[in-house]
There are 2 protein chains.
Amino acid sequence: MTSDTTAYATETEFATDWLSGAGLRPTRQRLALAELLIGDGQHRHVTAESLFEAAKAKGAAVSLATVYNTLRAFCEAGVLHEITVDGSKSYFDTNTHDHPHFYWEDEGRLSDAPADQLQINCLPEIPDGAEIAAVEVVIRLRRKR
Amino acid sequence: MTSDTTAYATETEFATDWLSGAGLRPTRQRLALAELLIGDGQHRHVTAESLFEAAKAKGAAVSLATVYNTLRAFCEAGVLHEITVDGSKSYFDTNTHDHPHFYWEDEGRLSDAPADQLQINCLPEIPDGAEIAAVEVVIRLRRKR
DNA sequence: TTAACTGCAAAGGGTTTGCAAGCAC
DNA sequence: GTGCTTGCAAACCCTTTGCAGTTAA
């Protein structure tokens with residue numbers, strides 16, 4: 001485990017606290033998914049499908065519908081961030097702070113871009129009566145030909 | 001018409017040239033859609049549905065499938081840019097240069113953000129063997145409560 | 001004439017939902 | 001017990017596609 005989780009004896013304990021902190025019942029399914037998401041204290045970018053596969057691989061019986069419902073519940077609780085890059089699928093990020101992403105067009109993979117290297121000096125002026133909900137920066141990458 | 005189109009006698013003529021410049025046959029349907037998109041020389045952000053409705057309102061008979069096919073053809077020809085903001089639908093921008101957008105969460109509307117006010121000083125270092133395909137910046141706005 | 005385009009309806013992919021059965025509290 | 005969760009299947013939304021008919025060159 002990393003420094004983030006050293007206070008916890010087990011990943012399950014860590015995940016349980018993460019869930020209750022979000023006001024969500026620690027059901028068997030949610031615990032399994034939460035452990036996959038934040039068990040090792042690392043940030044992760046998953047799709048519903050990839051998390052579903054990971055759960056299956058781990059031997060956790062969770063239906064795909066529950067993965068969707070759970071990801072949505074986590075987002076609404078504010079412990080997960082949804083990112084839409086390509087039309088079809090959604091990615092979910094365990095890092096809920098505004099930060100830039102790399103999107104690997106060839107693989108359809110999303111990863112963090114080092115935030116400290118992105119400097120936005122001055123945002124466009126926000127129209128009156130509006131406020132910024134989020135600033136999404138996605139740097140699309142392709143293999144150099 | 002704006003300065004962009006003053007060399008043309010009609011919007012149709014302008015649209016015809018825009019199409020042939022993109023290597024696309026100026027069919028009745030494409031002309032109608034092209035006129036709606038760039039007829040007045042202004043930049044526009046549309047969805048397939050909104051363009052379909054606009055065409056109907058104008059009295060142009062175009063099927064929804066053709067709107068989709070046409071928007072895709074315009075994108076592939078490089079005269080339109082696709083932007084995915086919220087999971088489901090795609091927006092199409094007549095301004096094909098990389099520039100930041102405002103996304104109005106309450107209305108689901110996309111508009112240009114003044115590009116000259118956004119200064120990205122230094123992009124995160126790009127991994128070896130990769131190159132930047134595009135940098136998408138979407139500033140999500142919500143009504144101030 | 002011929003290849004490209006259109007339109008309908010049907011299929012597609014990702015996501016959500018209705019509802020009965022199952023849990024956490 | 002009571003209300004939130006789960007799971008299955010069906011529904012959903014946006015988008016694409018197969019194919020027969022139409023049209024630009």
Side-chain angles (χ1 to χ4, degrees), chain A residues 12-13 15-34 36 45-53 55-56 59-77 79-92 103 108-110, chain B residues 12-13 15-34 36 45-53 55-56 59-77 79-80 82-92 108-110:
Chain A
T12 305
E13 204 181 311
T16 307
D17 273 22
W18 187 73
L19 284 176
S20 64
L24 295 166
R25 280 191 189 172
T27 66
R28 177 176 56 73
Q29 293 87 338
R30 284 178 178 170
L31 271 172
L33 298 179
L36 286 168
H45 302 85
V46 305
T47 62
E49 200 67 39
S50 77
L51 186 58
F52 177 61
E53 293 302 330
K56 269 204 302 198
V62 182
S63 81
L64 183 54
T66 295
V67 173
Y68 275 105
N69 291 336
T70 302
L71 287 173
R72 189 127 324 281
F74 288 179
C75 280
E76 272 158 23
V79 293
L80 221 55
H81 227 237
E82 185 173 4
I83 301 146
T84 307
V85 184
D86 250 0
S88 43
K89 43 180 175 259
S90 279
Y91 291 79
F92 296 88
Y103 179 67
R109 192 166 56 80
L110 193 73
Chain B
T12 305
E13 204 181 311
T16 306
D17 274 21
W18 188 73
L19 283 176
S20 62
L24 295 164
R25 281 191 186 171
T27 66
R28 177 176 56 73
Q29 292 88 339
R30 285 177 178 171
L31 272 172
L33 298 179
L36 286 168
H45 302 84
V46 304
T47 61
E49 199 68 39
S50 78
L51 186 58
F52 176 62
E53 292 303 329
K56 269 204 303 198
V62 182
S63 81
L64 183 54
T66 294
V67 173
Y68 275 106
N69 292 335
T70 301
L71 286 172
R72 189 128 322 281
F74 288 180
C75 279
E76 272 157 24
V79 294
L80 222 54
E82 184 174 5
I83 301 146
T84 308
V85 184
D86 250 0
S88 42
K89 42 177 177 262
S90 281
Y91 291 78
F92 297 88
R109 191 165 57 81
L110 194 73

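Proteins get letters first, then strands, A, B, ... in listed order; numbering begins at 1 in each.
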Using atom types as modelled and distance alone, determine if a side-chain donor or acceptor of B:Thr70 lies under 3.5 Å from a backbone N or O of B:Thr66.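 Flag set: sc B:Thr70 to bb B:Thr66 pair under 3.5 Å.
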
With A:Glu53, which residues qualify under salt bridge (charged side-chain N to carboxylate O under 4.0 Å, His left out), at least two apart?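 A:Glu53: salt bridge (charged side-chain N to carboxylate O under 4.0 Å, His left out) contacts with A:Lys56.
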
In chain order, what residues pass the salt bridge (charged side-chain N to carboxylate O under 4.0 Å, His left out) check against B:Glu49, with sequence neighbours excluded?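 None.
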
Calculate the interatomic distance between [X] atom [atom1] and [N] atom [atom2]; express it in whole Å.
| X | N | atom1 | atom2 | answer |
| --- | --- | --- | --- | --- |
| B:Leu71 | C:dT6 | CG | C1' | 15 Å |
| B:Phe52 | D:dC13 | CZ | P | 16 Å |
| A:Phe74 | D:dT6 | CZ | C1' | 14 Å |
| B:Glu76 | C:dA4 | CD | P | 14 Å |
| A:Leu31 | C:dC23 | CG | P | 15 Å |

For [X] and [Y], which heavy atoms make the closest approach, and how far apart are they?
| X | Y | answer |
| --- | --- | --- |
| B:Ala48 | B:Val67 | O-CG1, 3.4 Å |
| B:Phe92 | B:Leu80 | CB-CD2, 3.9 Å |
| B:Leu19 | B:Pro26 | CD1-CA, 3.6 Å |
| A:Ala55 | A:Leu33 | CB-CD2, 4.1 Å |
| B:Ala77 | B:Leu24 | CB-CD1, 4.1 Å |
| A:Ala61 | A:Gln29 | O-CG, 4.1 Å |

On the nucleotide [N], are OP1 or OP2 found under 4.0 Å from the side-chain N or O atoms that [X] carries?
| X | N | answer |
| --- | --- | --- |
| B:Thr66 | C:dT6 | no |
| A:Arg30 | D:dT6 | yes |
| B:Gln29 | C:dG7 | yes |
| A:Thr27 | C:dA24 | no |

Proximal nucleotide (of C:dC25, D:dT5, C:dG7) relative to the A:Leu24 side chain: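 From the listed options, D:dT5 comes nearest.
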
Which angle, rounded to 10°, do you find between the first-five-pair axis and the last-five-pair axis of the helix from C:dT1-D:dA25 to C:dC25-D:dG1?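 If I round to tens, the end axes sit 30° apart.
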
Name all pairs fulfilling the salt bridge (charged side-chain N to carboxylate O under 4.0 Å, His left out) condition that reach into residues 19-28 of chain B, sequence neighbours left out, sorted by first residue then second.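 Output for this query is empty, none listed.
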
For a 4.5 angstrom cut-off between non-hydrogen side-chain atoms, does B:Arg72 reach B:Glu82?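 Of all side-chain heavy-atom pairs linking B:Glu82 with B:Arg72, at least one is under 4.5 Å.
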
Hey, what are the protein-to-nucleotides 1-3 of chain D N/O distances that come in under 3.5 Å?
from	atom 1	to	atom 2	distance (Å)
D:dG3	N2	A:Arg25	NH1	3.2

Report, one pair per line, the protein and nucleotides 14-17 of chain D atoms (nitrogen or oxygen only) whose separation is under 3.5 Å.
from	atom 1	to	atom 2	distance (Å)
D:dT15	OP1	B:Ser90	N	2.8
D:dT15	OP2	B:Tyr68	OH	2.6
D:dT16	OP1	B:Arg72	NE	2.9
D:dT16	OP1	B:Arg72	NH2	3.1

